[in-house]
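The next block holds one structure in the form of structure tokens; read it before the comments.
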Amino acid sequence: MCGIVGYIGQQQAAPILLQGLSKLEYRGYDSAGISVRNGEEETVIVKSKGRLKVLAEKTNDGLAVKGNCGIGHTRWATHGEPSEQNAHPHASEDSSVVAVHNGIIENYQEIKEKLEKKGYVFYSETDTEVAVNLIDYYYKKHDGDPLDAIAKAMMRIRGSYALAIMFRDYPGEIFAARKDSPMIIGINNSDVFIASDVPAILKYTRNVYYIGNMEIARLTCGNVTFYNIDKEEIEKELTEIKWDEEAAEKGGFEHYMMKEIHEQPKAVRDTLNSMIKNGSISLSDAGLSDEELEKISHIYIVACGSAYHVGVTLQYVIEDMARVPVSVDLASEFRYRQPIMEKDGLVIIISQSGETADSLAALREAKEKGVKTLGIVNVVGSSIAREADRVIYTLAGPEIAVATTKAYSAQLAAGYVLAVQLAKVRGKINEEKYTEMIEELLMLPDKIAKTLEDKERIQWFASKFSNAKDVFFVGRGLDYAIGLEGSLKMKEISYIHSEAYAAGELKHGTISLIEDGILVIGILTQQELYEKMISNLVEVKSRGAYLMGLTVYGNYGIEDTVDFSVYVPKTSKYFASSVAIIPLQLMGYYLSVSKGLDVDKPRNLAKSVTVE
Ligand code: AGP
């Protein structure tokens with residue numbers, strides 16, 4: 001996720017671009033840049049690595065860059081590490097086309113290869129530069145018409161994009177093109193704005209056009225013209241934005257956490273699409289060959305917090321599906337217990353930030369012992385990503401809330417894909433099962449979105465327990481792993497003490513804690529363990545527990561046992577965590593809100609624990 005802005009009007013562009021970008025830093029902040037035109041003069045491009053303030057200092061808050069027409073970008077790296085080279089705007093070799101982009105171009109490799117054969121030379125690792133040169137190619141090949149060049153490029157590109165584009169031969173004009181990535185176009189008399197999101201332009205106008213998918217816009221001073229992909233002009237209605245600035249930064253949600261809970265379908269879809277191409281898995285971006293996967297003798301998953309819970313889930317999934325031995329360790333324990341690892345093992349470090357001190361130390365410990373390492377990381381160019389031998393990037397975008405949700409879900413998705421490929425190359429699943437697993441994976445985003453439709457019921461139920469002192473999560477197999485994460489969500493943002501137990505463990509001590517009215521959340525997605533779980537729930541109910549049952553559609557008999565039931569869409573037993581965790585994230589969120597707590601910044605916690 002990145003932030004793009006554009007401006008054309010009577011004022012100096014650079015200060016307006018920087019101001020807009022400052023309101024979009026929540027979308028990405030590892031590098032930034034602007035490109036401004038001053039009449040017929042050549043385009044000026046200024047870029048910098050690091051936060052936006054570096055660019056502001058470089059341009060004296062934009063005062064050093066003259067011109068009334070420009071575009072800008074604040075980056076969250078997905079292709080190519082954070083660097084000035086990879087920062088946007090990107091330009092074709094002769095700067096005939098300059099653009100900024102938010103989105104992911106899935107087929108950028110194949111387009112890049114074709115353009116290189118036509119003599120194009122690339123200076124960056126980004127998918128955006130490929131888009132710029134593709135537009136340049138069509139522009140030069142077909143009589144220099146920007147609209148036509150953009151439309152042709154849009155027909156060729158697969159993926160998502162919000163593009164703001166300037167052409168050297170068309171000073172005083174900015175073009176915009178959109179598919180799936182957010183973009184709005186604001187207008188206020190002679191001033192016209194482009195932005196990824198409302199906060200960037202609220203200071204200047206509340207009147208916006210929403211550009212649709214596969215649509216193009218041409219901006220000039222005080223005017224916007226919209227076109228469809230066939231270059232036919234289309235009419236648009238102006239809309240007035242009612243949100244205040246703070247609400248706008250959260251996409252209209254009250255908290256970043258709720259916004260990010262709702263971004264999970266996209267985070268999972270983008271991550272899956274980066275690893276599954278044309279119906280089969282490709283780990284080439286991670287540099288993981290099938291030969292390497294075949295040779296792995298043991299997998300050691302090491303992480304902290306929610307990332308550790310992903311590891312617990314993946315242990316069940318990988319061992320059951322691929323029959324590879326898997327160990328899971330808390331990084332803070334792993335690094336001090338003198339772990340014994342097989343030389344043909346693979347250590348997988350899971351980390352959203354890629355900077356967690358314990359996880360980074362565990363990575364270094366593994367490398368010292370000569371064991372191959374793989375990072376599953378959300379932040380491109382982070383320490384763990386750079387130091388691991390291989391890296392799979394999750395494409396969740398920046399996660400602002402301390403309590404992770406979309407990154408956790410994206411990590412699960414990446415892990416599932418790895419498990420399926422392991423199972424395939426090691427002959428544990430046949431072609432038919434492989435295809436079935438992939439189809440099931442690609443349906444997950446919609447199933448997650450479906451689960452979100454139940455949030456009002458969860459909100460009502462959560463409000464009944466805002467004074468709870470102890471809550472128990474119980475499950476068996478994968479449902480136990482889901483309970484671990486559900487419990488952490490509740491603890492870290494509502495400050496209610498809770499524990500997750502393997503349901504079969506209750507009778508070995510914990511059941512003594514069950515008293516009248518204590519909330520016990522039973523998780524029952526694993527069909528072969530369902531009856532055993534019902535027995536466990538009956539046990540705790542007989543001791544006074546108040547039961548919530550979380551299971552899949554169709555298991556309506558659970559209502560004979562529990563006091564409140566939540567249903568999620570059926571999916572492969574292996575992938576159940578991805579749908580079942582949603583109601584538990586919502587439980588924690590609504591409990592925190594009902595207690596008036598700081599959901600996004602819970603007490604004593606940091607988003608990334610970079611110290612021991
Ligand atoms: C999860 O909600 C917490 N914020 C925390 O447990 C987090 O998962 C843990 O600190 C690991 O962080 P990382 O993924 O950035 O390494």
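Read the numbers this way: they start at 1 and go in the same order the structure lists the ligands and their atoms. Side-chain atoms are counted along with the backbone in the values below, which use heavy atoms only and exclude waters and symmetry mates.
Ligand 1 is surrounded by C304, G305, S306, A307, S351, Q352, S353, T356, V402, A403, T404, L488, K489, E492, each with at least one heavy atom closer than 4.0 Å.
Q459 has its side chain out of reach of L586: every pair of non-hydrogen atoms, C-beta onward, lies at least 4.5 Å apart. The shortest side-chain heavy-atom distance between S409 and L444 does not fall under the 4.5 Å cut-off.
Electrostatic pairing of E387 and R364 counts as a salt bridge here, judged by a charged N lying under 4.0 Å from a carboxylate O.
Side-chain contact of S306 with K489: a donor-acceptor pair under 3.5 Å is present, judged by distance alone.
Cation-pi geometry between R75 and Y29 is not satisfied (NZ or CZ under 6.0 Å from the ring centre, within 45° of the ring normal).
Remark: of the listed residues P339, S359, S327, P339 is the sole one forming a side chain to side chain contact (heavy atoms under 4.5 Å, CB included) with F334.
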